[in-house]
Amino acid sequence: MPTTLEQNYQYSFDYPFEELFLKTEKDAIINALHFKVDNPKGVILYFHGNAGDLSRWGKITEYFVDKNYDILVIDYRTYGKSTGRLSEAAIYNDAKYCYDYLLKHYSEKEITLYGRSLGTGIASYLASNNNPKQLILETPYYSILDVAKHRFPMFPVKPLLKYRFPTHQYLPKTNCPITILHGTDDNVVPYSSGKKLSELNIEKLNFITIENGDHNNLIEFDAYHNTIESILK
């Protein structure tokens, strides 16, 4: 569910940032925002959900800038000002490019990967192929197939899917600490789908249940704030 922005759109946020245009492939340019603070505790590479663009997600990620972290948040191809043909392989390629971009400016142990909803599969893929400080997943799915089966049980969804994002295959290959936050009343990605990730017998995985939390309101709960404060201290 991408929304687009004019190329001359001017972002406005409460914290200093640099707007980037990253040429990840010959025919693809990824628009990104790099928030920077004085003496940061580290940097968060943030992968957003399936709706909206950086005009919205930049505001959302300022929550972490306020905690004295640098942030790099990108728009996927066809979102906002980003261009290029969209596919699962392309998203992974762009994510790797952004991770490598950060490695030119930060040590790997300063990098936290954060995925929200759609972005959780992307962040998990990166974590399985690198060694970041930690991985944070907000409202993740076992796989896109798992969500599709739940939402459309009457259809043969597997052969119809263009995207897989098999988070459950990536997390066991991840060496860093993993924190998952999921609300029990999530009506987009079922709580049961996220909970299955906690049953993969991963030693460094901490699953946080937020009672009565929905898909887009976890930030309204003390359990969310307390968890984030603890792992980003």
>> Would you say the rings of Phe221 and Tyr224 are close, in the sense that their centroids are separated by under 6.0 Å?
In response: no

> Tell me, do Leu54 and Asn31 make a side-chain contact under 4.5 Å, heavy atoms counted?
Replying inline: yes

> Are the charged groups of Glu62 and Lys67 less than 4.0 angstrom apart, N to O?
Replying inline: no

> Looking at CG of Leu181 and CD of Glu138, how far apart are the two atoms once the value is rounded to the nearest 0.5 Å?
Replying inline: 6.5 Å

>> Side chains of Ser192 and Lys195: any donor to acceptor distance under 3.5 Å?
In response: no

> Nearest 0.5 Å, what's the OG1-CD1 distance between Thr167 and Ile178?
Replying inline: 10.5 Å

>> Could you report the tightest heavy-atom contact between Ala95 and Ile122, atom names first, then the distance?
In response: CB-CG2, 3.7 Å

> Would Ile180 and Ile208 show up in the same hydrophobic cluster when neighbours are defined by side-chain heavy atoms closer than 4.5 Å?
Replying inline: no

>> Any non-hydrogen side-chain atom of Leu205 less than 4.5 Å from a side-chain atom of Ser198?
In response: yes

> How many angstroms lie between CZ in Arg116 and CZ in Phe47, if you round to the nearest 0.5 Å?
Replying inline: 15.5 Å

>> Using side-chain heavy atoms (C-beta onward) and a distance below 4.5 Å, is Ile210 in contact with Thr184?
In response: no

>> Any non-hydrogen side-chain atom of Tyr69 less than 4.5 Å from a side-chain atom of Phe35?
In response: no

>> Is there a path of hydrophobic side-chain contacts, each under 4.5 Å between heavy atoms of I/L/V/M/F/W/Y residues, joining Leu22 to Tyr9?
In response: no

> What is the ring orientation for His105 with Tyr101, classed by angle as parallel under 30°, tilted 30 to 60°, or perpendicular over 60°?
Replying inline: tilted

> Atom CG of Asn217 and atom CG of Asp185: how far apart are they, to the nearest 0.5 Å?
Replying inline: 8.5 Å

> Given the rule in the ring pair (Phe, Tyr, Trp, His ring centres under 6.0 Å) test, do Tyr170 and Tyr125 qualify, once you have shown the distances and angles that lead to the verdict?
Replying inline: CA-CA 6 Å; Tyr170 299 142; Tyr125 166 82; 5.5 Å; yes

>> Within the 3.5 Å criterion, strictly below it, is a donor on Thr3 or Asp53 matched to an acceptor on the partner's side chain?
In response: yes

>> Whether the Asn206 and Thr179 side chains hold a donor-acceptor pair (N or O, under 3.5 Å, no angle test) is what I'd like checked.
In response: no

> Does a side-chain heavy-atom distance below 4.5 Å link Tyr92 with Phe165?
Replying inline: yes

>> Could you measure the distance from the CG atom of Leu171 to the CD1 atom of Ile202? Nearest 0.5 Å is fine.
In response: 4.5 Å

> Are Ile60 and Leu33 co-members of a hydrophobic cluster defined by side-chain heavy atoms under 4.5 Å apart?
Replying inline: yes

>> For the backbone of Ile231 and the side chain of Gln134, can you confirm whether one donor and one acceptor N or O come within less than 3.5 Å of each other?
In response: yes

>> Testing the basics here: between Ala32 and Leu72, what is the closest heavy-atom pair and its distance to 0.1 Å?
In response: CB-CD1, 4.0 Å

> Do Ile29 and Thr24 pass the side-chain contact (heavy atoms from CB on, under 4.5 Å) test, and can you show the C-alpha distance, the side-chain angles, and the key distance before you say yes or no?
Replying inline: CA-CA 6 Å; Ile29 297 178; Thr24 60; over 6 Å; no

> Do Phe64 and Tyr114 pass the ring pair (Phe, Tyr, Trp, His ring centres under 6.0 Å) test, and can you show the C-alpha distance, the side-chain angles, and the key distance before you say yes or no?
Replying inline: CA-CA 11 Å; Phe64 304 101; Tyr114 194 111; 4.9 Å; yes

> What do the steps show when you test Cys98 against Leu45 for side-chain contact (heavy atoms from CB on, under 4.5 Å), and what is the final call?
Replying inline: CA-CA 8 Å; Cys98 293; Leu45 178 52; 4.2 Å; yes

> Any idea which heavy atoms bring Ala51 and Arg56 closest together, and the distance?
Replying inline: O-NH1, 3.3 Å

> Quick one: does Ser82's side chain have a donor or acceptor within less than 3.5 Å of a partner on Asp75's backbone?
Replying inline: yes

>> Keeping Gln169 on the side-chain end and Pro166 on the backbone end, is there a donor-acceptor pair under 3.5 Å?
In response: no

>> Measuring from atom CD1 of Ile111 to atom CG of Asn130, what distance do you get when rounded to the nearest 0.5 angstrom?
In response: 8.0 Å

> Ile74 and Tyr63: same hydrophobic cluster, using ILVMFWY side-chain contacts below 4.5 Å?
Replying inline: no

> Can Tyr76 and Leu118 be said to form a side-chain contact (heavy atoms from CB on, under 4.5 Å), step by step?
Replying inline: CA-CA 11 Å; Tyr76 312 124; Leu118 173 66; 4.0 Å; yes

> Is a side-chain donor or acceptor of Asn226 paired with a backbone partner of Asp222 at a separation under 3.5 angstrom?
Replying inline: yes

>> Between the side chains of Asp100 and Lys104, is the shortest nitrogen-to-carboxylate-oxygen separation below 4.0 Å, so that they form an ion pair?
In response: no

> Hey, does Leu135 have a side-chain heavy atom less than 4.5 Å from the side chain of Leu137?
Replying inline: yes

> Relative to each other, are the rings of Trp57 and His48 parallel, tilted or perpendicular (30° and 60° limits)?
Replying inline: parallel

> Any side-chain heavy atom of Leu113 sitting closer than 4.5 Å to one from Ile136?
Replying inline: no

> Do you know which two heavy atoms are closest between Thr174 and Ser124, and how far apart they sit?
Replying inline: OG1-O, 4.2 Å

> Between Tyr142 and Lys196, is there a cation-pi geometry (under 6.0 Å to ring centre, at most 45° from the normal)?
Replying inline: yes

> Salt bridge between Glu18 and Lys36, side-chain N to carboxylate O under 4.0 Å?
Replying inline: yes

> Any chance the side chains of Asp70 and Tyr106 put a donor and an acceptor closer than 3.5 Å?
Replying inline: yes

>> Could you go through Tyr141 and His182, starting from their C-alpha distance and side-chain angles, then the distance that decides it, and tell me whether this counts as side-chain hydrogen bond (donor to acceptor under 3.5 Å, both in side chains)?
In response: CA-CA 10 Å; Tyr141 41 80; His182 213 130; over 6 Å; no

> Ring centres of Tyr99 and Tyr97 under 6.0 Å apart?
Replying inline: no

>> Applying a strict under-4.5 Å side-chain criterion to I, L, V, M, F, W and Y, I'd like to know whether Ile30 and Ile91 cluster together.
In response: yes

>> With a 4.5 Å cut-off on side-chain heavy atoms, are Ile44 and Leu232 touching?
In response: yes

> Are Arg77 and Glu25 close enough, and set up right, to give a salt bridge (Lys or Arg N to Asp or Glu O under 4.0 Å), and what steps lead you there?
Replying inline: CA-CA 11 Å; Arg77 302 183 189 197; Glu25 286 185 347; 3.1 Å; yes

> Is the gap between the ring centers of Tyr191 and His215 under 6.0 Å?
Replying inline: no

> Knowing that exactly one of His34, Lys81, Gln10 qualifies, which makes a side chain to side chain donor-acceptor pair (under 3.5 Å) with Glu19?
Replying inline: Lys81

>> Testing the basics here: between Pro132 and Lys109, what is the closest heavy-atom pair and its distance to 0.1 Å?
In response: O-NZ, 3.6 Å

>> I need the minimum non-hydrogen distance between Ala223 and Thr227, along with the two atoms involved.
In response: O-OG1, 2.8 Å

> Where the side chain of His225 meets the backbone of Ile219, is there a donor-acceptor pair that is under 3.5 Å apart?
Replying inline: yes

> Is the side chain of Lys23 donor-acceptor paired with the backbone N or O of Ala28 at a distance under 3.5 Å, no angle test?
Replying inline: no

